[in-house]
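Letters A, B, ... are given to chains in the order of the sequence lines, protein chains preceding strands, and every chain is numbered from 1.
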Number of protein chains: 2
Amino acid sequence: MRRGTMNKIEAGIGISRRYLHDQVADRMRELIRSGEMEPKARINEGELTERFGISRTPLREAIKILATEGLLELLPNRGARVASISETELEEMMEVIAGLEATAGDLACRTISDAEIDAIVTDHEAMVLAWKASNEAGYFSHNRRIHEAIMAASRNTVLANIYASLSGRIQRSRYSAHQTPDQWSRAIAEHERMIELLRARDGAALAVLLREHIRGKKSVIAANYGAAEAV
Amino acid sequence: MRRGTMNKIEAGIGISRRYLHDQVADRMRELIRSGEMEPKARINEGELTERFGISRTPLREAIKILATEGLLELLPNRGARVASISETELEEMMEVIAGLEATAGDLACRTISDAEIDAIVTDHEAMVLAWKASNEAGYFSHNRRIHEAIMAASRNTVLANIYASLSGRIQRSRYSAHQTPDQWSRAIAEHERMIELLRARDGAALAVLLREHIRGKKSVIAANYGAAEAV
DNA sequence: CGGCTGAATTTTGAATACATTCGCCGTCAG
DNA sequence: CTGACGGCGAATGTATTCAAAATTCAGCCG
């Protein structure tokens, strides 16, 4: 997916990346992710070329890329705007993510090392502590690290790229979800069961569990979505 | 040179045919899919602008789109070329497809109608007949219709889009695979079990079966890949 | 005779220019 | 007073131009 963005970390100041359109795409992704460009906001090419100090050509190429990734939508003869996610689309995306994580768990059991599992356990414990300390940012951070560790252990870059792309599109929604103590304790229990299944290298069972685990998050997120989006 | 606007609204969503870069992207997809542009073949912008009768701007936008989709890869300062799929990447993609189909099966069990299941049964029977008649094209065609029917029954457009994108990237490999009678009879048995599980609306079990079913295909395809790609 | 250097040519990357289309807004008829 | 028509300005879609990097190829040196 994001092919050109991950290579080439150069020492130079700003002109290091090969493609201007790639740099621009990265910056726009960040603007969207950070919320500086809100959903439904129109993209004004003139404004952005001025802001980035480039011409319209690479900017427009970046727009096409982001549109293909699903972060922007194209309006005929009216340019582009930041894609807005409907509630049903969010639910669909969560189901797909659940499937991708299930796949990752299944594959991870083939080759994951004990050390990697230990790292997950460490994050899990840190996550529990963060929750108990009402440290929401830390909680989400460790939680994400756990799921990304499983994804990495799948040793499947195609899978990881699709996952990253989808995650990027819903990140804002995903990490604005607040859980009840009930939901939280269920999530913790599922995490612990995940660790057991990883140790047992039981891919099939882990896949089932992960799908259900993400679905649990899905309902939390969906519940919060209405409030968040009712602007 | 050429009129900028040729058609107002064609049947469909209403945005696709309007952009030159979109038309070009479609045509290039077809060229790649048909094999007219082979993997590793360099894209010469001058040649293609001449061929399509357009300027370089929309062509380059189309190239960026196809590169984001994974059909092309960009070479810094050397343009683009048709993406070639390594054997490991093909295997990775098949695992992801297995996961997507498993997800589709799981979701399909929630809302699939009896009529839809009957249609699948019809295709399945036709597929068996095609095989017995050594009609390979018919066999693949019906087989694909079955899997697409399950995908459609998932009622998840995000899932279907990702599936279509991945399928498009491997189609050439996928439908060049020949099965042994052994593999075939196993595939038939799995299809029949799939139908049972659909009738029972047992999503979890169907997911497991579908993942294994696609993995079975995966080994067939991977075995054929070496021969096909050893150019 | 072969490999290397470097200038000419080609090709790509980016910027600018041109051509439509859309949207705003004032005007005017009903 | 309301709503439709049309002109004007701004923004988008496409083409063309400019600049830099790569490829080619001829001539030179070893």
Side-chain angles (χ1 to χ4, degrees), chain A residues 2-5 7-8 10 12-28 31 37-38 40-68 71-83, chain B residues 1-10 12-28 31 37 40-68 71-83:
Chain A
R2 297 167 57 171
R3 192 168 302 269
T5 62
N7 46 19
K8 272 286 177 191
E10 272 149 296
I13 303 282
I15 334 250
S16 44
R17 275 244 187 49
R18 291 281 188 186
Y19 290 106
L20 226 39
H21 69 250
D22 225 350
Q23 297 175 233
V24 171
D26 278 354
R27 292 182 67 175
M28 289 182 72
L31 289 179
M37 286 177 144
E38 294 186 3
K40 304 258 190 185
R42 280 278 297 278
I43 304 294
N44 186 311
E45 295 181 2
E47 180 196 324
L48 286 181
T49 55
E50 177 133 355
R51 180 168 186 171
F52 294 146
I54 58 166
S55 76
R56 285 178 58 211
T57 304
L59 175 66
R60 285 175 60 81
E61 291 175 350
I63 289 173
K64 300 298 173 293
I65 291 171
L66 297 183
T68 305
L71 267 67
L72 297 180
E73 45 190 312
L74 268 33
L75 312 170
N77 290 316
R78 266 173 292 166
R81 67 177 176 193
V82 180
Chain B
M1 188 149 266
R2 184 185 160 135
R3 286 187 342 187
T5 63
M6 29 192 325
N7 40 22
K8 282 288 182 192
I9 292 178
E10 268 179 60
I13 326 262
I15 63 172
S16 330
R17 287 296 171 273
R18 214 156 162 187
Y19 292 106
L20 225 38
H21 68 250
D22 228 345
Q23 299 179 41
V24 171
D26 279 352
R27 293 182 67 174
M28 289 181 71
L31 289 179
M37 286 177 144
K40 303 255 192 188
R42 280 277 297 279
I43 304 293
N44 186 312
E45 296 180 2
E47 180 196 325
L48 285 182
T49 55
E50 178 104 4
R51 180 169 185 169
F52 294 147
I54 58 167
S55 77
R56 285 177 59 211
T57 305
L59 174 67
R60 286 175 58 82
E61 290 177 352
I63 289 173
K64 300 300 173 296
I65 291 172
L66 297 183
T68 305
L71 269 67
L72 297 180
E73 44 191 310
L74 302 178
L75 312 171
N77 289 319
R78 266 176 295 167
R81 68 178 177 192
V82 179

Notebook entry, point to check: Would a 4.5 Å heavy-atom cut-off, applied to side chains only, mark Leu75(B) and Arg42(B) as touching?
Noted result: yes
Next item on the list: Could you pick out which residue, Arg60(B) or Arg42(A), lies toward the 5' side of DNA chain C when each is mapped onto its nearest nucleotide?
Entry: Arg60(B)
Next item on the list: Please report, rounded to the nearest Å, how far the P atom of dT12(D) is from the CD atom of Glu47(A).
Entry: 10 Å
Check: Is any side-chain heavy atom of Leu72(B) less than 4.5 Å from a side-chain heavy atom of Val82(B)?
Finding: yes
Next item on the list: Taking only the side-chain heavy atoms of Tyr19(A) (C-beta and beyond), determine which of dT12(D), dA14(C), dT11(C) contains the nearest atom.
Entry: dA14(C)
Check: When all nucleic acid strands are considered with a 4.0 Å heavy-atom cut-off, which category describes Ile63(A): base, sugar-phosphate, or nothing?
Finding: nothing
Note to self: Is any side-chain heavy atom of Met28(A) closer than 4.5 Å to one of Leu59(A)?
What the structure shows: yes
Note to self: Is the phosphate of dT21(C) approached by Arg78(A) (side-chain N or O, under 4.0 Å from OP1 or OP2)?
What the structure shows: no
Check: Over how many whole Å does the gap from Arg81(A) atom CZ to dT12(D) atom P extend?
Finding: 14 Å
Margin query: Would you compute the distance between atom OG1 of Thr68(A) and atom CD1 of Ile63(A) and round it to the nearest 0.5 angstrom?
Written below: 11.5 Å
Notebook entry, point to check: CG of Leu59(B) versus P of dT16(D): gap in Å, rounded?
Noted result: 14 Å
Checklist line | Distance in angstrom units between Asn77(A) CG and dC22(C) P, rounded | finding: 5 Å
Next item on the list: Rounded to the nearest angstrom, tell me the gap between atom CG in Leu74(A) and atom C1' in dA11(D).
Entry: 14 Å
Notebook entry, point to check: Under the 3.5 Å rule, do the base of dG13(D) and the side chain of Arg56(A) count as making a donor-acceptor pair?
Noted result: yes
Note to self: I need the CD-C1' distance between Glu61(B) and dG13(C), as an integer number of Å.
What the structure shows: 14 Å
Notebook entry, point to check: Rounded to whole angstrom units, what separation is found between the NE2 atom of His21(B) and the P atom of dA15(D)?
Noted result: 13 Å
Check: For the base of dA15(D), is there a side-chain donor-acceptor partner from Thr57(B) under 3.5 Å away?
Finding: yes
Item checked: Side chain to side chain, Ile54(A) and Gln23(A), heavy atoms closer than 4.5 Å -> no
Next item on the list: Choose from dG13(D), dA15(C), dA15(D) the nucleotide whose nearest atom is closest to any side-chain atom of Ser55(B).
Entry: dA15(D)
Checklist line | Between dT11(C) (P) and Glu50(B) (CD): distance, integer Å | finding: 12 Å
